[in-house]
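Heads up, the thing below is written out as structure tokens.
First the proteins, then the strands, lettered A, B, ... as listed; each starts at 1.
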Amino acid sequence: MPRKYWLMKTEPDVFSFDDLKDRPHQTEPWDGIRNYQARNYMRDEMKIGDRILFYHSRCDPPGIVGVAEVVGEAVPDPSAWDPKSNYYDEKASPENPRWCMVSVRYFETFPRLVSLEELKADPKLSEMRVVQRGNRLSIMPVTKEEFDYVIKMSRKS
DNA sequence: GCCAACGTTGGC
DNA sequence: GCCAACGTTGGC
């Protein structure tokens, strides 16, 4: 089974790539996803060893800062039934978890940020979901070609 | 901080 | 099951 490729968004003010790097084992359970399409990708398709383009949103400039990898496949997200959590969902329970999470581990920081502006400007990446207008998915698939191309961009000045 | 583009909710 | 209202996302 060949590995798959993904892009995950995060707001660096909330949880940044450096925060991930600083975690024990450089690993974090990706809780708090409350979008069905994103959940389904995690639940059905994300497998150990998959690679992730790590994207910083709501910052200046927005863009891809590095690569992470999937180290734990989907399990129920306990924050969903924790009333104290920001991600609390009253319709979720341990019996009916509704939401799930994968675990991600830091892999490498790019030598430089690859900005959204650059992604948008490159015709080779015109099909990438992250450059489409109005896209709000926080987890989305990326093709191997796109992934490899972004890695190459990160190594050019 | 504004606001357009989304996804979700719930009345009917 | 339609769709208006509402809440959220995220670039700018």
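In this entry the distance linking OH of A:Tyr36 with C1' of B:dT9 reads 10 Å, nearest Å. The distance from atom CG of A:Asn86 to atom P of C:dT8 is 11 Å, rounded to the nearest whole Å. Rounded to whole angstrom, the span from the OH atom of A:Tyr87 across to the P atom of C:dT9 amounts to 9 Å. Taking atom CG on A:Asp89 and atom C1' on C:dG7, their separation rounds to 14 Å, with Å as the unit. Atoms CZ (A:Arg129) and P (C:dT9) sit 17 Å apart, rounded to a whole Å. Distance, A:Ile33 CD1 to B:dG7 P: 15 Å, rounded to whole Å.
Taking the side chain as every heavy atom from C-beta outward, A:Ile48 and A:Glu69 never approach each other to under 4.5 Å.
Taking the ring centroids of A:Tyr87 and A:Trp81, they lie at or beyond the 6.0 Å cut-off. The distance between the ring centers of A:Phe54 and A:Trp30 falls below 6.0 angstrom.
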### Task
Let me see the working for A:Arg51 and A:Val142 under side-chain contact (heavy atoms from CB on, under 4.5 Å), right down to the final yes or no.
CA-CA 10 Å; A:Arg51 293 281 152 83; A:Val142 168; over 6 Å; no
### Query
What do the steps show when you test A:Asp77 against A:Ser79 for side chain to side chain donor-acceptor pair (under 3.5 Å), and what is the final call?
CA-CA 6 Å; A:Asp77 176 356; A:Ser79 71; 2.7 Å; yes
Name every donor-acceptor pair, under 3.5 Å, that has one atom in a side chain of residues 149-157 of chain A and the other anywhere in the protein, sequence neighbours excluded.
from     : atom 1 : to       : atom 2 : distance (Å)
A:Tyr149 : OH     : A:Asp122 : OD1    : 3.3
A:Tyr149 : OH     : A:Asp122 : OD2    : 2.7
A:Ser154 : OG     : A:Ile151 : O      : 2.6
A:Arg155 : NH2    : A:Glu108 : OE1    : 3.1
A:Arg155 : NH2    : A:Glu108 : OE2    : 3.2

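Comparing A:Gln37 and A:Lys91, the nucleotide of DNA chain B nearest to each residue sits closer to the 5' end for A:Gln37.
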For nucleotides 10-12 of chain C, give me every protein contact, N/O to N/O, under 3.5 Å, one pair per line with atom names.
from   : atom 1 : to       : atom 2 : distance (Å)
C:dG10 : OP1    : A:Lys9   : NZ     : 2.7
C:dG10 : OP1    : A:Arg136 : O      : 3.1
C:dG10 : N7     : A:Arg58  : NE     : 2.4
C:dG10 : N7     : A:Arg58  : NH2    : 2.0
C:dG10 : O6     : A:Arg58  : NH2    : 2.8
C:dG11 : OP1    : A:Tyr55  : OH     : 2.6
C:dG11 : OP2    : A:Arg58  : N      : 3.1
C:dC12 : OP1    : A:Lys120 : NZ     : 3.2

